[in-house]
There are 2 protein chains.
Amino acid sequence: MAGIKEIAKITGLSLATVSRVFNDSSLVSPKTKEKVLKAAKDLDYRPNIMAAALRSGKSKIIGVIVPEVNNYFFSGIINGIEKIVSDSGYNIIISQSHELQERENVALNSFLKLHVEGILMSISKETSDFSFIEKIGESKVPIVYFDRVPPLDGTSSVTLNDYMGGFMATKHLLDKNCKNLLHIAGNPRVSIFKERLKGFKDAILKSGRKGILSREIELTAHTKKDLKILKELFKSDPKIDGIFAYGDEIGLHVLNLLKDLDIDVPGKVKLIGFGNADFTKLTQPKISTIDQECSQMGELAAGLLIEKLKEVELKPQNKVLLPKLIKRDSTMIQ
Amino acid sequence: MAGIKEIAKITGLSLATVSRVFNDSSLVSPKTKEKVLKAAKDLDYRPNIMAAALRSGKSKIIGVIVPEVNNYFFSGIINGIEKIVSDSGYNIIISQSHELQERENVALNSFLKLHVEGILMSISKETSDFSFIEKIGESKVPIVYFDRVPPLDGTSSVTLNDYMGGFMATKHLLDKNCKNLLHIAGNPRVSIFKERLKGFKDAILKSGRKGILSREIELTAHTKKDLKILKELFKSDPKIDGIFAYGDEIGLHVLNLLKDLDIDVPGKVKLIGFGNADFTKLTQPKISTIDQECSQMGELAAGLLIEKLKEVELKPQNKVLLPKLIKRDSTMIQ
DNA sequence: GTGAAAGCGCTAACAA
DNA sequence: TTGTTAGCGCTTTCAC
């Protein structure tokens, strides 16, 4: 491995010229450039990013914070980010918050210490204190939020239209002739879950149909206790014939619960989830769901950030993606 | 945000003394130390890791390469690594190979450019050219492999005893009175899959039981074509009563296939997977499997690496973990 | 126990 | 188009 110095010595050029070849090579004659590039190859030149970062003030590192990496949605986003970032010269470093505000702060701090140039982040379910945003603001590190965004103005973000997702899922159940709907809702403090619930309610209202019953139950943790409550609900109310779960995982739990109770899906009850997790294709019946195009979300978020990195004075932008209904067996007409 | 300079100015101390407080604080009087620490807090001091890295030659970064991050096993390993690394002052940066040799090389190269101090890596299924190891060897960056290791001596690694895992899974089927066993095998070029197959064969041999039939079928891709072959096999050979799948995912496919064919699991056929993926608890029936204690594997690998980072002349070490049989409904006696 | 000063490898003015 | 030089923020010898 060699540095810029060795190349300068071998080629008889100055450090500056060699450096220029690897940066703004336009100011260098093609001949010189070629000579340098050849030497670089021969000597196995590897630029010292640390030195460059120190001098230029640019670390070429983008920090990404997701709640959990082992998750179809977030790993899809990461893949999208990788796709955009990889041929831009930036490196990405991923941290998980594990849905904990404290871990989120730790990650943020180590990003600032590492002098990342930009941050991509989806806030944890637990996060209620948004003062960290001020700190980031002071540090001038641009940040783009995706999917789960803070309830504040002036931020850049890429989100899904979760309201629309909830609306579509519910409309689908209504279209399949369900008359007694249940929404299993997530923590309403998380905006996306609140939006899904709103979509659920509106879809029923706007359907204009009479005689539709609906109710919601909030189920934030998927503990045994939670599931028991749900079980009791199913037992006590056998009229329920359409369920919209706020997430695929809880949807899977519901599916299993219904099987335990010998309630046929989709014969007796139709079920739709949210997220298009990979396992929804593998259950029996396959679970209908709402797709979030996670890769695209990652690509857009990364694109937004890189734009901002180039043009400091860029105004905050908010992109909203449209969800897609995925019809599968769990809502099929029998 | 402030640097070492501001602190020196405020406290009236020299840069050197301030620096010492944050490094080998033993050489500094408690009073001075306290003064510096207070100033650091007041000024929101954030060390510039780049500068420190440049000067000391130590980047405080550990690079991690996994095939895929959206995977119960690997994300568990990452959590284990995080646990150990977090309070050691190192930062981790994760790259995915997506099971591609080329991507693996790209990641490795950018790690070397970033001057990571150490590498933790599980090689991709596709990797057959191990010359990259030489390159890493030259760069003197220590590397510890986990789970999927290169077929070479002189490397440090943490692996699972996959042979034992295959043995235990198969023995479990035999204990449940299966007499006509099928092993769905993974790509034999990947050592862990070869070992599982060996365990399968040996368990049958060593059982000493007569009249046990066994066969294997290799199914590396989980394409529709693959599954069709499997389906034909089940149809043509209705005697099969015990299946050991080399992974949980293919196990789930098998489970669904059997349901499609109206073959009862575990009534008619018993099924066991490998990996203890999270969805194995959520299927119906729940799938028996082999647990790999992924978090522990990550912890051990990270521990090994950090030891090596401290003591350059450490000999290569190879730790082998024992798998654990997880009995669930898919192999239950009816 | 503390300070002065050199320099890690590179970039970016400025000069030629 | 190329070279000279200062210095990014920190660590680390060597001196006191």
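Every chain is numbered from 1, with letters handed out A, B, ... down the list of sequences.
The distance from atom CD1 of Ile4(A) to atom P of dC8(C) is 14 Å, rounded to the nearest whole Å. When rounded to the nearest whole Å, the span between CZ of Arg55(A) and C1' of dG7(C) equals 15 Å. Computed from coordinates, the Leu54(A) CG to dG7(C) C1' distance equals 12 Å when rounded to whole Å. Across the protein-nucleic acid pair, Lys9(A) atom NZ and dG9(C) atom P stand 12 Å apart, rounded to whole Å.
Remark: Val28(A), Ser29(A), Thr32(A) in residues 28-38 of chain A come within less than 4.0 Å of DNA chain D through at least one heavy atom.
Listed by chain and number, the residues in a side-chain contact (heavy atoms from CB on, under 4.5 Å) with Val149(B) are Tyr145(B), Ser157(B), Thr159(B) (sequence neighbours excluded). The side-chain contact (heavy atoms from CB on, under 4.5 Å) check on Asp42(B) picks up Lys38(B), with sequence neighbours excluded.
Within the 4.0 angstrom heavy-atom criterion, only backbone atoms of the sugar-phosphate kind lie near Ala52(B); the bases stay farther away. Residue-level contact check: Tyr45(B) touches the backbone only, with heavy atoms under 4.0 Å from sugar-phosphate atoms and none from bases.
Side chain to side chain, Gln96(A) and Asn70(A) fail the donor-acceptor criterion of an N or O pair below 3.5 Å.
Listed nucleotides: dA6(C), dA12(C), dC10(C). Nearest to the side chain of Ser56(A): dA12(C). The side chain of Ala16(A) approaches dA12(C) more closely than any other nucleotide in the set dA12(C), dG9(C), dG3(C).
Of the charged side-chain nitrogens involved, none lies within less than 4.0 Å of a carboxylate oxygen, so that Glu126(A) and Arg103(A) do not count as a salt-bridged pair.
With hydrogens and angles ignored, a donor-acceptor pair closer than 3.5 Å exists between the side chain of Arg20(B) and the base of dG3(C).
Listed by first and then second residue, the ring pair (Phe, Tyr, Trp, His ring centres under 6.0 Å) pairs that reach into residues 1-29 of chain A are Phe22(A)-Tyr45(A), sequence neighbours excluded.
Counting 5' to 3', DNA chain D first comes under 4.0 angstrom of a heavy atom of chain A and last does so at the ends given by dT1(D) to dG9(D).
Summarising the local packing, CD of Gln317(B) is surrounded by more than 12 heavy atoms from other residues, nucleotides or ligands at distances under 6.0 Å. For Glu307(A), the CD atom counts as densely surrounded, since its 6.0 Å shell holds more than 12 non-hydrogen atoms of other residues, nucleotides or ligands.
A donor-acceptor pair under 3.5 Å is formed between the side chain of Gln101(B) and the backbone N or O of Asp129(B).
Direction change of the helix axis from one end of the helix from dG1(C)-dC16(D) to dA16(C)-dT1(D) to the other is 30°, with five pairs defining each end axis (rounded to 10°).
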